[in-house]
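Reviewing the structure listed below.
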Amino acid sequence: MSFYIGREASKLWKRICAETTTEINLLLENWKYILGGLICQYIHGLAARGVHYFHHPGPILRDTGFLLLPELGQERAYVSETVFTFVFLSFFLWTFHPFIFKSKKIYTVLIWCRVLAFLVACQILRIITFYSTILPGPNYHCREGSRRATLPRPDNLFEVLLIIPRGVLFGCGDLIFSSHMIFSLVFVRTYQKYGTRRFIKQCAWLVVVVQSLLIIASRKHYTVDVVVAWYTVNLVVFFVDHKLPEMPDRSLGTVLLPVSKDGRMKEENTKLVNGNSGDPVDRRLRSQANGKVNEDGDNVHIEVADGS
């Protein structure tokens, strides 16, 4: 028993090392996209904080969702945040599953390049909309009488550029459309395309619907903020996804392997067919390669026949 556990642990460690090598190579090729996406996240945070300086509390607008859904109350406002945190962490961990599991369909770096592209496109539209018309926030800390409803004039530039988590949670004015819905819908649509579990896909869409209702019931957004997010994010992801090059599907046996300048595969990457180094399945797949190699710049695509 101990020998079997040791052998499986050794295989897992080799798999993690092999996957790390692959992802590092992909990161070196795509780091500009990752960095650009992260910078845009910071810019989006600055824009959301900036609109808070212009926010003025006022009477809450008449809202259909507020009339239909009972108010959760300030003491239960954490419920919607808990659901969002669950969605975020679940998707984040799923993008790293190729490091652990044998059955792989995605590359972590490539999937995050795609996700960041979706987020940036949606967030640009969001910044334009909430600066176009600054509505009085329906959240409890944005209402008249709350000291957090408006931000005092900043004393220096550093105060404007510094983004703190507490300020993100208690922002006002960045309403149309919901940022929480952007992240959740982008994550769910990405898993819908690249995930493999049908039951999880169905549950994910159900969770997003529940989150939409909880956001309105918590009075964090008007109903229009959530409704606009539903059709805007789906349309943006649809069109941006068609403009981006399709990712290689590892589950079909097509693997992207970097090559060295002299045309030979780097030794550490020859073990990465289907992401599993040293496994009998990998040796069988490599032995069944049909030899058709298509060169594309510094990368080659190897087509592997299915022997099952």
Side-chain angles (χ1 to χ4, degrees), residues 36-69 77 80-81 84 87-88 114-144 146 148-151 160-161 163 165 167-190 208-209 211-244:
L38 294 177
I39 291 175
C40 287
Q41 298 306 302
Y42 173 72
I43 294 175
H44 173 256
L46 283 183
R49 177 175 174 80
V51 78
H52 197 169
Y53 287 104
F54 301 104
H55 175 263
H56 293 285
I60 299 177
L61 304 180
R62 184 176 177 83
D63 188 276
T64 304
F66 292 178
L67 297 176
L68 297 178
L69 295 175
S80 64
E81 291 296 332
F84 173 75
V87 173
F88 187 95
R114 218 171 184 84
V115 167
L116 287 171
F118 299 151
L119 292 176
V120 169
C122 293
Q123 288 166 341
I124 290 175
L125 294 177
R126 180 174 189 260
I127 292 172
I128 294 173
T129 54
F130 67 62
Y131 268 102
S132 299
T133 302
I134 304 174
L135 302 176
N139 210 336
Y140 302 101
H141 64 269
C142 299
R143 300 177 183 180
E144 291 181 300
S146 173
R148 293 196 180 101
T150 57
L151 288 179
V160 176
L161 298 178
I163 299 178
V168 174
L169 293 175
F170 292 98
C172 297
D174 55 327
L175 293 174
I176 301 178
F177 40 98
S178 171
S179 180
H180 283 55
M181 293 304 302
I182 290 178
F183 280 90
S184 297
L185 288 170
V186 166
F187 292 165
V188 172
R189 280 194 62 102
T190 303
V208 175
V209 172
Q211 179 183 303
S212 303
L213 300 176
L214 288 174
I215 288 175
I216 299 171
S218 300
R219 305 305 189 249
K220 294 181 178 180
H221 279 276
Y222 293 109
T223 305
V224 65
D225 307 337
V226 175
V227 172
V228 171
W230 266 95
Y231 63 74
T232 302
V233 175
N234 280 291
L235 287 173
V236 168
V237 172
F238 175 79
F239 285 108
V240 173
D241 190 48
H242 279 69
K243 294 294 183 180
L244 296 176

Q.
Could you check whether any side-chain N or O of His52 sits under 3.5 Å from a backbone N or O of Arg148, counting only pairs where one atom can act as donor and the other as acceptor?
A. yes

Q: Report the distance from atom CG of Leu69 to atom OG of Ser218, rounding to the nearest 0.5 Å.
A: 10.0 Å

(Q) Between Ser184 and Phe84, is the side-chain contact (heavy atoms from CB on, under 4.5 Å) condition met? List the steps. (A) CA-CA 7 Å; Ser184 297; Phe84 173 75; 3.5 Å; yes

Q) Passes side-chain contact (heavy atoms from CB on, under 4.5 Å), Phe177 versus Ile182? Steps please. A) CA-CA 8 Å; Phe177 40 98; Ile182 290 178; 3.4 Å; yes

Q. When rounded to the nearest 0.5 angstrom, what is the spacing between CZ in Arg189 and CG in Asn234?
A. 5.0 Å

(Q) Would Asp241 and Phe118 count as a side-chain contact (heavy atoms from CB on, under 4.5 Å) here? Give the steps. (A) CA-CA 8 Å; Asp241 190 48; Phe118 299 151; 3.8 Å; yes

**Q.** Separation between CG of Leu213 and OG1 of Thr223, rounded to the nearest 0.5 Å
**A.** 9.5 Å

Q.
Could you check whether Arg219 makes a cation-pi contact with Tyr140, meaning its NZ or CZ is under 6.0 Å from the centre of the six-membered ring and within 45° of the ring axis?
A. no

Q) Atom CG of Leu235 and atom CH2 of Trp230: how far apart are they, to the nearest 0.5 Å? A) 12.5 Å

**Q.** Side-chain touch Asp174/His55, heavy atoms, less than 4.5 angstrom
**A.** no

Q.
Can you tell me how the ring of His141 sits relative to the ring of Phe170, calling it parallel under 30°, perpendicular over 60° and tilted otherwise?
A. perpendicular

Q | Chi angles and distances behind the side-chain contact (heavy atoms from CB on, under 4.5 Å) call for Arg62, Leu67 | A | CA-CA 8 Å; Arg62 184 176 177 83; Leu67 297 176; 3.8 Å; yes

Q. Residues in salt bridge (Lys or Arg N to Asp or Glu O under 4.0 Å) with Glu81, at least two apart?
A. Lys220

Q.
Could you report the tightest heavy-atom contact between Ile60 and Pro138, atom names first, then the distance?
A. CD1-O, 4.1 Å

Q.
Out of the candidates Val51, Leu175, Asp225, only one should pair with Phe130 under the side-chain contact (heavy atoms from CB on, under 4.5 Å) rule; please name it.
A. Val51

Q.
Is it the case that over 12 heavy atoms from other parts of the model lie below 6.0 angstrom from the OH atom of Tyr131?
A. yes

Q) What is the ring orientation for Phe187 with Phe183, classed by angle as parallel under 30°, tilted 30 to 60°, or perpendicular over 60°? A) perpendicular

Q | Non-hydrogen side-chain atoms of Thr150 and Pro57 separated by less than 4.5 Å | A | yes

Q) How many angstroms lie between CG in Leu185 and CG in Leu119, if you round to the nearest 0.5 Å? A) 11.0 Å

Q: For Arg126 and Ile176, indicate whether the former's side chain and the latter's backbone hold a donor-acceptor pair under 3.5 Å.
A: no

Q.
Within this structure, what is the CG-CD1 distance for the pair Leu38 and Ile43, rounded to the nearest 0.5 Å?
A. 11.5 Å

Q: Taking all non-hydrogen atoms of both residues into account, name the closest pair between Val240 and Ala121 and its distance.
A: CG2-CB, 4.1 Å

Q. Counting only N and O atoms by type, is there a donor-acceptor contact under 3.5 Å from the side chain of Thr190 to the main-chain atoms of Val186?
A. yes

Q | With sequence neighbours excluded, residues passing side-chain contact (heavy atoms from CB on, under 4.5 Å) with Ser178 | A | His180, Met181, Ile215, His221

Q.
Restricting to non-hydrogen atoms, name the atom on Gly58 and the atom on Pro136 that form the minimum distance, rounded to 0.1 Å.
A. N-CB, 3.7 Å

(Q) Any side-chain to backbone donor/acceptor pair from Asp63 onto Tyr222? Under 3.5 Å, distance only. (A) no

Q. Are any side-chain N or O atoms of His44 and backbone N or O atoms of Val120, one a donor and one an acceptor, separated by less than 3.5 Å?
A. no

